[in-house]
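Report on one structure; see the data block that follows.
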Amino acid sequence: MKLYHLDRAGTLCDHADILLKPISELDPDVRLSMLFERFPDGVSQHGINMTSRMAPFIHNPFGDQLLSADSFKGAFDQANSKIIDLTVELVRQAKFSHMLSRFQSLFAVEKLSDFFAWPGLINDLTPNSQIFELDVPDGTPRLDASFLSGGVVFNKDQNNNYYLGTFLTASYDMAVKYWSGESSDSPQYEYLVSLPLKAEAVHKLNFSPDDMEKLKHLICLSGIRPYYPST
């Protein structure tokens, strides 16, 4: 079957193997974690991103007393994605160990128009961003990423008061729904592609930088709520 992967950073090559990254490539203060005892063959780039201790700086244009709300929101979303992914991984290990870990997966969609359900992916497009067509085995698992939610919530209530909290049991239950293959009322289907992927299965589509900008513009106009995975 054919699927499509958005390579935002432009790190993949046409007709080249896509491999797991050896644990030795992780930060020295990360790779010794017992978590990686589960991944002797290595992790995907997503696995590296989700376990990195690196965090974006919060831009502070107003002096020591005030923070940029947009900068805080971006940093918060990135940190929260890591919390959600770790929760989902722990639930997989406990209840769905037969399933492929997201920390060893490449993410793909069934058709190009499905990227419209992932506007958060488009926020980080660069002139180097690429789209690849992948030839993957039939039966590659398809799961509903709308269940990748929870973590720490920072929001406002009906009285315009800010609150910060978490709902751990809901996060757990949503992760179970994700791995069970359930579908929500507004699904965001993603395929978990197993690595390594051989060179003959990797085909770069010929999108120019202008084409990618047009795709970004169309998705922004779609008004679909952004989701921040981080692949």
| said: For Tyr189, give me all partners under side-chain hydrogen bond (donor to acceptor under 3.5 Å, both in side chains), at least two apart in sequence or on another chain. | reply: Ser183
| Just wondering, more than 12 heavy atoms not from Asn159 lying within 6.0 Å of its CG? | yes
| said: On a heavy-atom basis, which atom in Val30 and which in Phe36 lie closest, and how many Å separate them? | reply: O-CE1, 3.2 Å
| Considering all heavy atoms, the nearest Leu19-Pro196 contact | CD2-CB, 3.7 Å
| query | Taking only residues two or more places apart in sequence, or in another chain, which ones meet Asn161 in a side-chain hydrogen bond (donor to acceptor under 3.5 Å, both in side chains)? | reply | none
| Evaluation steps, side chain to side chain contact (heavy atoms under 4.5 Å, CB included), between Val88 and Arg102 | CA-CA 9 Å; Val88 170; Arg102 289 173 54 81; 3.9 Å; yes
| task | Not counting sequence neighbours, list each pair that qualifies as a salt bridge (charged side-chain N to carboxylate O under 4.0 Å, His left out) and has a residue in residues 10-22. | result | none
| Is the side chain of Asp85 donor-acceptor paired with the backbone N or O of Met50 at a distance under 3.5 Å, no angle test? | no
| said: Donor-acceptor pair, distance only, cut-off 3.5 Å: does the side chain of Ser33 make one with the backbone of Leu35? | reply: yes
| request: With rounding to the nearest 0.5 Å, note down the distance linking CG in Leu195 to NE2 in His46. | output: 11.5 Å
| message | Tell me if the centroids of the rings in His203 and Phe132 come within less than 6.0 Å of each other. | response | no
| task | Would you sort out whether Tyr178 and Val91 count as a side chain to side chain contact (heavy atoms under 4.5 Å, CB included), showing the intermediate values? | result | CA-CA 10 Å; Tyr178 174 80; Val91 171; over 6 Å; no
| query | Closest heavy-atom contact between Val193 and Ala108? | reply | CG2-CB, 4.0 Å
| query | Looking at OG1 of Thr87 and CG of Leu168, how far apart are the two atoms once the value is rounded to the nearest 0.5 Å? | reply | 7.5 Å
List the atom pairs, donor and acceptor, that lie under 3.5 Å between side-chain atoms in residues 93-101 and the rest of the protein, sequence neighbours left out.
residue	atom	partner	partner atom	Å
Gln93	OE1	Arg38	NE	3.4
Gln93	NE2	Glu89	OE2	2.7
Ser101	OG	Glu89	OE1	2.7
Ser101	OG	Phe103	N	2.9

| task | Apply side chain to side chain contact (heavy atoms under 4.5 Å, CB included) to Thr11 and list each qualifying residue two or more places apart in sequence or on a separate chain. | result | Asp7, Ala9
| Which value, rounded to the nearest 0.5 Å, describes the distance between Leu12 atom CG and Ile131 atom CD1? | 12.5 Å
| said: Suppose we screen for side chain to side chain contact (heavy atoms under 4.5 Å, CB included). Which residues come up paired with Asp114, at least two apart in sequence or across chains? | reply: Val109, Glu110, Lys111
| request: Would you please test Leu26 and Thr51 for side chain to side chain contact (heavy atoms under 4.5 Å, CB included) and show each step? | output: CA-CA 8 Å; Leu26 275 69; Thr51 55; 3.8 Å; yes
| message | Contact between Glu25 and Val43 at the side-chain level, heavy atoms closer than 4.5 Å - yes or no? | response | no
| Would Asp27 and Ser52 satisfy side chain to side chain contact (heavy atoms under 4.5 Å, CB included), going step by step from the backbone distance to the final call? | CA-CA 7 Å; Asp27 295 340; Ser52 169; 3.7 Å; yes
| remark: Between Gln104 and Phe39, the two heavy atoms sitting closest are CD-CD2, 3.5 Å
| Taking only residues two or more places apart in sequence, or in another chain, which ones meet Lys2 in a salt bridge (Lys or Arg N to Asp or Glu O under 4.0 Å)? | Glu133, Asp135
| message | Looking at His15 and Ala199, would you say the former's side chain and the latter's main chain have a donor-acceptor pair under 3.5 Å? | response | no
| query | Taking C-beta and beyond as the side chain, do Tyr4 and Phe115 meet within less than 4.5 Å on heavy atoms? | reply | yes
| Co-members of the apolar cluster containing Leu90 [side chain, <4.5 Å] | Leu86
| message | Rounded at 0.5 Å granularity, tell me how far CG in Leu20 sits from CD in Gln45. | response | 11.5 Å
| Ser129 side chain to Arg8 main-chain N or O, any donor-acceptor pair under 3.5 Å? | yes
| message | Would you compute the distance between atom OG of Ser149 and atom CE of Met174 and round it to the nearest 0.5 angstrom? | response | 3.0 Å
Which atom pairs, one a donor and one an acceptor, fall under 3.5 Å between side chains of residues 137-144 and the rest of the protein, sequence neighbours left out?
residue	atom	partner	partner atom	Å
Asp138	OD1	Met1	N	3.2
Thr140	OG1	Pro137	O	2.7
Asp144	OD1	Ser146	N	3.0
Asp144	OD1	Ser146	OG	2.8
Asp144	OD1	Gln188	N	2.8
Asp144	OD2	Ser146	OG	3.1
Asp144	OD2	Ser184	N	2.7
Asp144	OD2	Ser184	OG	2.8

| Close side-chain approach of Leu205 to Leu112, heavy-atom, < 4.5 Å | yes
| note | For Ser105 and Leu192 the tightest heavy-atom approach is OG-CB, 3.8 Å
| field | Set of residues satisfying salt bridge (Lys or Arg N to Asp or Glu O under 4.0 Å) with respect to Asp29, sequence neighbours excluded | value | Arg53
